[in-house]
Amino acid sequence: MKRQDYHRQILRIALPAIVTNITVPLLGLVDTAIVGHMGDATYLAAVGVGTMIFNLIYWVFGFLRMGTSGMTAQAWGSRDLSNVKVLLKRSTTVSLGIAALILLLQWPLRELMLWLIGPTADVRPLAVTYFNIVVWGAPAMLTLYSLSGWFIGMQNTRLPMTISILQNIINIGASLTLVYGYGMKMEGIALGTVIAQYAGLLAAIALLWHYYKKLLFLVPSHPRTSVPSHPRTPQFLAVNRDIFLRTLCLVAVNLYFTSAGARQGATILAVNTLMMQLFLPFSYIMDGFAYAGEALGGRYWGARQWENFRAIVGHLFGWGAVMTLLFTIAYVFGATSFLQLLTDEQQVMEAAETYIGWTYLIPICGVGAFVWDGIFIGTTQTRGMLLSATIAAGAFFIGTATLTVTIGNHGLWLSMMLFLALRGVTQTVWFATRLQKNALSR
């Protein structure tokens, strides 16, 4: 296969995924923009609290997408079509089970999250209203995670992109209609979000039927492929467990990073929050290439096409190097201007100048983790992902405990860069010592 063919395959997966990543945050931004014009800051604060709660909840259950994509890509690569069907059934069943549990335990979950975030007394009732409505979108959101993962495993990121764009259009229309047409305020915002979520689910089901009905209904299932007894069920559970625990490590690091900044005062908290916004565009782009790693890496791994597998890994790191160079240049020359677009607070900007240099290291330190995460998900080497996240998180917490005492916020950012870099380094070692040996022994 020619080099341009590998690049074409990567971009065919990565570009729609990048568009999807960019549009996903718009669901929250639409709600924020509407309540921002209601004339009362408590509405804005309440939507911020509610959005944060559901972002955390759904982030924790991201394994529903990642575990499904890797195993589906391998099954597709090996032409094990019966297992492709089973993975879809199994993943959506688990998604609905978790969603039912969320709905059953919504009161203690809501109280726990509000206790952790601690909104003020005037914001709390509105946040409760938002939560009580949006929580009913859990079945749609979690099932969409499974379907999106399955689509990615089937080498198709255009369908998740289509669904995401449709969700945003419906969310805008529904929220504007309910708020300004029916005067529903917070209830309208929340209902608009739920309507968009279920519309996305219906669209996903329709696309599934349109593109894959022959696979789902004409390919016979092996009698041993029922969800409880299929021989790969233990692997499915182990993969999702590892990704779940790895995600908890990432959540813990990000939450502690925010809280450690808050303990240094409002100005430092504002600086860190703004500087982390620079991380988002890089992560959106690199996540797209990680999706390509999941789909193509898993496909060639499942097909035992080792030459193609190694070529995909090399080409993905080539794209990673290009993105690292471009973003590093952009941050060096444009980071300050970008922050000035986000705030005109002079005190915050003066403080940011002291720490802005750390953002230059984000692409260099983070690129390895993004590329390897895609490859490791595609090859279901999730134990390596968990190990790398655990080691990196341990280094982060040790670093913050020791360095912030002596060099303050610089120590916090140094610890974050160490966390990003160690994930990539650990996964590189795992690939060299374990993954390649596994490939030779298969």
Side-chain angles (χ1 to χ4, degrees), residues 16 19-59 61-62 64-65 92 95-96 98-100 102-103 106 109-110 113 119 123-148 151 158-210 284:
V19 174
T20 302
N21 289 340
I22 293 172
T23 58
V24 165
L26 292 178
L27 279 172
L29 289 176
V30 168
D31 293 346
T32 301
I34 294 175
V35 298
H37 294 84
M38 286 185 177
D40 191 336
T42 56
Y43 287 108
L44 189 60
V47 167
V49 170
T51 301
M52 183 185 300
I53 288 174
F54 287 104
N55 284 345
L56 287 173
I57 292 173
Y58 294 140
W59 188 14
F61 293 116
L64 293 168
R65 186 201 65 75
T92 53
S95 296
L96 291 172
I98 293 174
I102 290 175
L103 294 178
Q106 60 180 280
L109 178 62
R110 183 194 70 199
M113 297 303 292
V123 171
R124 194 181 194 282
L126 293 172
V128 168
T129 298
Y130 184 89
F131 179 95
N132 289 346
I133 296 174
V134 175
V135 72
W136 291 96
M141 285 298 295
L142 295 183
T143 304
L144 275 172
Y145 274 20
S146 294
L147 291 173
S148 295
F151 288 144
R158 291 178 290 106
L159 298 188
M161 178 187 70
T162 302
I163 294 164
S164 180
I165 293 173
L166 177 67
Q167 277 186 297
N168 280 283
I169 293 172
I170 292 176
N171 187 41
I172 292 171
S175 295
L176 288 173
T177 300
L178 293 171
V179 171
Y180 294 108
Y182 293 91
M184 295 180 68
K185 294 190 179 295
M186 184 59 68
E187 293 84 354
I189 292 294
L191 279 173
T193 299
V194 174
I195 290 170
Q197 290 167 345
Y198 278 99
L201 176 60
L202 291 176
I205 294 172
L207 292 169
L208 178 69
W209 173 264
H210 179 75
Y284 292 156

Atom pair [atom1] ([X]) and [atom2] ([Y]), whose distance is rounded to the nearest 0.5 Å:
{"X": "T129", "Y": "I189", "atom1": "OG1", "atom2": "CD1", "answer": "13.0 Å"}
{"X": "L64", "Y": "I98", "atom1": "CG", "atom2": "CD1", "answer": "4.5 Å"}
{"X": "I205", "Y": "I163", "atom1": "CD1", "atom2": "CD1", "answer": "9.5 Å"}
{"X": "L166", "Y": "I170", "atom1": "CG", "atom2": "CD1", "answer": "4.0 Å"}
{"X": "H210", "Y": "L208", "atom1": "NE2", "atom2": "CG", "answer": "11.5 Å"}
{"X": "M184", "Y": "S175", "atom1": "CE", "atom2": "OG", "answer": "10.5 Å"}

Which atom names give the shortest non-hydrogen contact between [X] and [Y], and what distance separates them?
{"X": "P139", "Y": "L103", "result": "CG-CD1, 4.0 Å"}
{"X": "A138", "Y": "I102", "result": "CB-CG2, 4.3 Å"}
{"X": "A127", "Y": "V49", "result": "CB-CG1, 4.0 Å"}
{"X": "L178", "Y": "G192", "result": "CD1-N, 3.8 Å"}
{"X": "A204", "Y": "F151", "result": "O-CZ, 3.9 Å"}
{"X": "K185", "Y": "V179", "result": "O-CG2, 3.7 Å"}

Could you tell me whether a side-chain N or O of Q167 sits under 3.5 Å from a main-chain N or O of S164, the two making a donor and an acceptor? no
With sequence neighbours left out, the residues meeting side chain to side chain contact (heavy atoms under 4.5 Å, CB included) with N132 are R110, V128
Within a strict 4.5 Å, meaning less than it, do heavy atoms of the [X] and [Y] side chains meet?
{"X": "L144", "Y": "Q197", "answer": "no"}
{"X": "F61", "Y": "M141", "answer": "no"}
{"X": "L109", "Y": "I57", "answer": "yes"}

Side chain to side chain contact (heavy atoms under 4.5 Å, CB included), that's the test. Do L201 and L147 meet it? Break it down for me. CA-CA 9 Å; L201 176 60; L147 291 173; 4.0 Å; yes
Taking atom CE of M113 as the centre, report whether more than 12 heavy atoms of other residues, nucleotides or ligands fall under 6.0 Å from it. yes
Could you go through the side chain to side chain contact (heavy atoms under 4.5 Å, CB included) check for L96 and L142 one step at a time? CA-CA 7 Å; L96 291 172; L142 295 183; over 6 Å; no
Would you please name every residue forming a ring pair (Phe, Tyr, Trp, His ring centres under 6.0 Å) with F131, sequence neighbours left out?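 Checked F131 against ring pair (Phe, Tyr, Trp, His ring centres under 6.0 Å); matches are F54.
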Going by salt bridge (charged side-chain N to carboxylate O under 4.0 Å, His left out), name the residues that satisfy it together with R124, two or more places apart in sequence or in a different chain. E111
